[in-house]
Each structure stands twice: as structure tokens, then as C-alpha cells.
Amino acid sequence: MKILFQGDSITDAGRDRTDYHNLGEGYPFYAADYIKAENPHMDFEFINLGISGNQTLDLVNRLQSDFIDIQPDLVSIHIGINDTWHRAESREWLDNGVFEANYRRVLTEIKEKTSAKIMIIEAFLLPSEEKDYFRIDLNGKIDIERKLAREFADYYIPLDGLFAQACVGKSPLHWSEDAVHPNKNGAEFIGRIYADAFNSMMKE
């Protein structure tokens with residue numbers, strides 16, 4: 001089974017881009033570890049094509065080479081925070097209609113040109129005095145992701161909500177130093193959720 005991880009720096013996580021089987025040090029590494037251990041009867045090929053700094057438009061621009069040509073059995077997408085963060089200083093936010101059109105294009109092409117199951121992983125922001133104002137824009141984009149998930153996804157991980165829950169009883173710094181990029185604890189947390197989602201999908 002071929003599993004493709006797609007997204008930005010949270011997925012990239014320092015991977016060796018000369019070898020797309022190198023999963024980096026983030027959640028794809030932990031997800032793959034859990035999935036292999038819990039499904040020993042299955043053969044897997046794990047591919048990480050997340051690219052640091054990417055936004056939804058970047059996924060559109062690499063649809064052919066990094067999605068369709070791969071022909072995965074499962075593709076997971078975690079994208080969105082950079083569509084907000086890269087415009088945060090100026091507050092010239094990306095129009096939500098453009099964000100939705102970009103994301104919809106990616107999902108439509110996957111549906112039409114591959115037989116992959118689709119897992120959408122929600123964009124997230126941990127509590128942070130420095131970055132809380134991102135919510136002005138990000139919350140609307142998370143709402144769009146949830147809307148698109150209802151239309152396109154085989155599985156949806158509501159990661160913003162799950163991290164909000166995880167920050168009750170534990171400091172946000174336990175999961176991330178900058179409220180965006182998971183540390184080891186955060187990456188393993190996402191990886192566990194991902195593997196549970198995969199196992200749930202396999203039972204359906």
C-alpha cells in the first residue's frame with residue numbers, strides 16, 4: 001500500500017528531499033512507525049513530499065508530479081497555516097474564496113485522476129500570545145477545510161480541536177515551541193492520531 005504525505009514544513013520536517021522515502025523527523029515518521037507495527041500483515045511504501053513554506057497554491061502547482069504521477073493508495077494533506085502566516089505581518093489576508101478554490105482544485109484532481117483515498121488533516125495553531133491574532137484569518141480557513149472534507153475526504157482529522165484539547169493540562173510549549181511547528185512530543189502526538197485514523201479506515 002502506497003501512502004503519500006503532503007503538506008508544508010510540518011510534513012517536510014527536515015526530510016532528505018533527494019529521497020522521497022525519507023520521512024524526516026515529524027509526524028510522517030511516527031505515523032509510519034505505528035502503522036507498520038500495527039499492520040504487520042501489510043506491505044507499505046511511505047512517501048513524503050511535504051515542502052517547507054508551501055501554501056495551497058504550491059500544491060496546485062505540483063499536482064501532476066507530486067500527486068497524480070505518484071498514484072498513491074492513500075494521500076494525506078496538511079496545509080493552510082502558511083496561507084495565513086505569510087500574510088500575517090501586513091494583515092493582507094488571502095481571500096477565503098481563493099483558498100477554497102486552490103484546495104478544491106487539488107482535491108478534485110486527486111478524485112478524478114487517482115484512485116486514492118483522501119485524508120485531510122486540519123490546519124492548527126496552538127495558544128500563543130504572539131500568534132493568536134492569526135485566528136482572525138485562520139479560523140475561516142479551517143471552516144473551509146471542514147466544508148471540503150465533508151465533500152471530498154474519506155477521513156478528516158480535526159487537529160486544531162485535538163491540540164486545543166491536548167493543551168488542557170499541558171502547556172502548549174509541551175507540543176511546540178512556536179505554536180506552529182511540532183516538537184518531538186507534538187510530532188508523535190500527530191503520528192499516533194494519524195495511525196489511529198488509518199486503522200479506522202482499514203476497518204471500514
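Basis for what follows: all heavy atoms, side chains included, without hydrogens, waters or symmetry-related copies. Note that the structure is predicted; figures quoted are calculated from it, not measured.
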Could you pull out all residues at least two apart from K147 that satisfy salt bridge (Lys or Arg N to Asp or Glu O under 4.0 Å)? E100
Distance from I110 atom CD1 to Q71 atom CD, nearest 0.5 Å? 10.5 Å
Measure the spacing between CG of D58 and CG of L63 and express it to the nearest 0.5 Å. 11.0 Å
Going by the rule salt bridge (Lys or Arg N to Asp or Glu O under 4.0 Å), which residues pair with K184 if we only count those two or more places apart in sequence or in a different chain? E188
May I ask whether L159 and I81 are part of the same hydrophobic cluster, defined by side-chain heavy atoms of I, L, V, M, F, W, Y residues being less than 4.5 angstrom apart, directly or through others? yes
Run the side-chain hydrogen bond (donor to acceptor under 3.5 Å, both in side chains) test against R192 and tell me which residues pass, sequence neighbours left out. E38, D196
Report whether L148 and L4 are members of the same hydrophobic cluster (ILVMFWY, side-chain heavy atoms less than 4.5 Å apart, transitive linking). yes
Do K111 and T108 make a side-chain contact, defined as non-hydrogen atoms from C-beta onward lying under 4.5 Å apart? no
According to salt bridge (charged side-chain N to carboxylate O under 4.0 Å, His left out), does anything in residues 115-132 pair up with another residue at least two apart or in another chain? List the pairs. E122-R146
Spacing of CG belonging to N54 relative to CD1 belonging to I10, to within rounding of 0.5 Å: 12.0 Å
For K113, all residues meeting side-chain hydrogen bond (donor to acceptor under 3.5 Å, both in side chains), sequence neighbours excluded: E109
Suppose we screen for side-chain hydrogen bond (donor to acceptor under 3.5 Å, both in side chains). Which residues come up paired with N39, at least two apart in sequence or across chains? N199
Using side-chain hydrogen bond (donor to acceptor under 3.5 Å, both in side chains) as the criterion, list what pairs up with N61, not counting sequence neighbours. none
For the hydrophobic clusters of this structure (ILVMFWY residues joined by side-chain heavy atoms under 4.5 Å, transitively), does one cluster hold both Y155 and I142? yes
Does any part of the side chain of N48, heavy atoms only, come nearer than 4.5 Å to the side chain of D12, both counted from C-beta? no
Crowded around D43 CG? As in, over 12 foreign heavy atoms under 6.0 Å? no
In this structure, OG of S9 is separated from CG of N82 (nearest 0.5 Å) by 5.5 Å
Suppose the criterion is salt bridge (charged side-chain N to carboxylate O under 4.0 Å, His left out): which pairs have a residue in residues 150-171, not counting sequence neighbours? R104-E151, R135-D160
Going by heavy atoms in the side chains, are I70 and L49 under 4.5 Å from each other? yes
Closer than 3.5 angstrom, by distance alone: can the side chain of W175 be matched with the main-chain N or O of A166 as a donor-acceptor pair? yes
If the condition is ring-ring contact (aromatic ring centres under 6.0 Å, His included), which residues does F198 pass it with, not counting sequence neighbours? F44
Quick note, ring pair (Phe, Tyr, Trp, His ring centres under 6.0 Å) partners involving residues 19-41, not counting sequence neighbours, are none
Point-to-point distance, once rounded to the nearest 0.5 Å, from CG of L107 to CG of N102: 11.0 Å
Euclidean distance, I120 CD1 relative to F152 CZ, rounded to 0.5 Å: 8.5 Å
Given the side-chain rings of F5 and H78, with only the six-membered ring counted for Trp, is the space between their centroids under 6.0 Å? no
Under 3.5 Å, is there a donor-acceptor pair between the T56 and D83 side chains? yes
For D137, the side chain to side chain contact (heavy atoms under 4.5 Å, CB included) test, sequence neighbours excluded, returns T84, W93, N96, K141
Test item: N183 side-chain N/O and H174 main-chain N/O as donor-acceptor pair under 3.5 Å: yes
Tell me the salt bridge (charged side-chain N to carboxylate O under 4.0 Å, His left out) pairs involving residues 63-72, sequence neighbours left out? R62-D66
